[in-house]
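The basis for the numbers below is simple: all heavy atoms, side chains too, and nothing from hydrogens, waters or symmetry mates.
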Amino acid sequence: GVVYLDDQQSADSNSLRVNIYTDIHNYLSSLYSFVEELHQVINSCVDDSVDRDTFVVGSKREGYSRPPFIRKLVFAWGLRNQFTHGNYRCLRIVKREDAPRPYMRVRFQRESFNPRGKGDLREVGNYLWGVEKYERENPMCYFASLNRHFVGFWSDVEEWFSRECDWRQMSRMGR
């Protein structure tokens, strides 16, 4: 959960902070786009309706039996909602130079976390329900955990696609 600094980075920690925020923003935006596209693709393969709520399960529908990726995704969604408008205050990057090797660490500030916008974003409930306290307090560890669960989730989705979806129909749809 830390970014170690070398001698050159130590002198330019503000640029490194900007890069860390940019990388987090890009990761969250990519994840958001992926989920938006995935629910449309799956929806075209099934008779039931699959929408964003299938993947982004807020505390009003919390269930610890849900796949780990789905449980943890809602926190990323909340961060992305807040970051969309350039509000990064819920994440603070602290620099530690008193360690054997200087580093920066991303910290979550719950009191500055306000992911709710308008409409259905308010309906999600608690965006933190599926995330362990340690992961919430150390967002880089959370992202690593989310990515591990994503890999397993994607493997299951690919397997399901190969069994259930007509790939020829999907390619005709431009997907």
Side-chain angles (χ1 to χ4, degrees), residues 1-39 52-53 55-60 62 64 66-155 157:
V2 299
V3 176
Y4 287 104
L5 305 173
D6 62 25
D7 293 335
Q8 294 169 334
Q9 287 175 320
S10 188
D12 191 15
S13 59
N14 286 333
S15 293
L16 185 56
R17 276 187 176 87
V18 169
N19 288 338
I20 292 169
Y21 282 128
T22 300
D23 289 345
I24 292 171
H25 179 269
N26 290 343
Y27 175 76
L28 293 170
S29 295
S30 297
L31 190 60
Y32 175 88
S33 296
F34 171 80
V35 170
E36 285 292 298
E37 184 67 21
L38 183 61
H39 86 255
R52 179 184 306 157
D53 291 345
F55 295 98
V56 183
V57 178
S59 59
K60 293 187 178 184
E62 79 181 40
Y64 289 91
R66 296 185 185 274
F69 177 70
I70 301 300
R71 282 196 320 263
K72 292 183 178 294
L73 182 62
V74 72
F75 181 46
W77 209 265
L79 289 171
R80 187 260 176 201
N81 289 346
Q82 186 162 346
F83 288 7
T84 296
H85 303 290
N87 181 350
Y88 297 89
R89 287 188 302 266
C90 66
L91 296 185
R92 184 176 58 133
I93 300 173
V94 294
K95 183 177 177 182
R96 297 287 309 264
E97 294 188 40
D98 58 344
R101 189 169 172 204
Y103 66 86
M104 296 179 100
R105 173 173 287 198
V106 180
R107 293 291 193 185
F108 177 70
Q109 299 183 120
R110 186 176 184 154
E111 65 279 356
S112 299
F113 184 54
N114 183 18
R116 289 168 180 79
K118 298 178 182 175
D120 62 344
L121 296 178
R122 294 189 185 282
E123 299 301 315
V124 169
N126 180 2
Y127 283 79
L128 304 173
W129 77 269
V131 180
E132 297 169 21
K133 182 180 177 186
Y134 179 80
E135 291 176 337
R136 182 175 61 236
E137 291 173 355
N138 298 281
M140 300 308 283
C141 295
Y142 159 73
F143 294 133
S145 173
L146 181 65
N147 193 62
R148 277 192 308 277
H149 292 302
F150 167 75
V151 170
F153 173 79
W154 180 245
S155 177
V157 167

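Note that the SG atom of Cys90 and the CZ atom of Arg136 stand 12.0 Å from one another [nearest 0.5 Å]. Met140 CE to Leu91 CG: the interatomic distance, rounded to the nearest 0.5 Å, is 9.5 Å. Atom CZ of Arg92 sits about 9.5 Å away from atom OG of Ser112, to the nearest 0.5 Å. A distance of 11.0 Å separates CG in Asn19 from CD1 in Ile24, rounded to the nearest 0.5 Å. Separating the CG atom in Asn81 from the OH atom in Tyr32 is a distance of 7.5 Å, to the nearest 0.5 Å. Taking CZ of Arg17 as the start and OH of Tyr88 as the end, the distance is 15.5 Å to the nearest 0.5 Å.
Put simply, the side chain of Leu128 reaches to within 4.5 Å of the side chain of Phe108, judged on heavy atoms. You'll find the side chain of Trp154 reaches within 4.5 Å of the side chain of Val157, heavy atoms only. The closest side-chain heavy-atom distance from Asn138 to Arg107 is below 4.5 Å.
Two rings, from Phe113 and Phe75, have their centers less than 6.0 Å apart.
Relative ring orientation between Phe150 and Phe34 is described as perpendicular, the plane-to-plane angle rising above 60° on a 0-90° scale split at 30° and 60°.
A donor-acceptor pair under 3.5 Å is absent between the side-chain atoms of Glu135 and the main chain of Leu146, judged by distance alone.
The two residues Lys72 and Ser145 come nearest to each other via the heavy atoms CE-OG, 3.4 Å. Taking each heavy atom of Arg66 and Arg71 in turn, the nearest pair found is O-NH1, 2.7 Å.
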Fill in: side-chain contact (heavy atoms from CB on, under 4.5 Å) evaluation trace for Leu31 with Leu73
CA-CA 9 Å; Leu31 190 60; Leu73 182 62; 3.7 Å; yes
Fill in: Residues Phe69, Val151; criterion side-chain contact (heavy atoms from CB on, under 4.5 Å); working and verdict
CA-CA 9 Å; Phe69 177 70; Val151 170; over 6 Å; no
Item to complete: Check step by step if side-chain contact (heavy atoms from CB on, under 4.5 Å) holds for Phe143 and Asp23.
Response: CA-CA 11 Å; Phe143 294 133; Asp23 289 345; over 6 Å; no
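Each of Lys95, Arg96, Arg101 was evaluated against Asp98; a single residue qualifies, Arg96, per the salt bridge (Lys or Arg N to Asp or Glu O under 4.0 Å) test.
In terms of the ring pair (Phe, Tyr, Trp, His ring centres under 6.0 Å) criterion, Tyr103 has no residue partners (sequence neighbours excluded).
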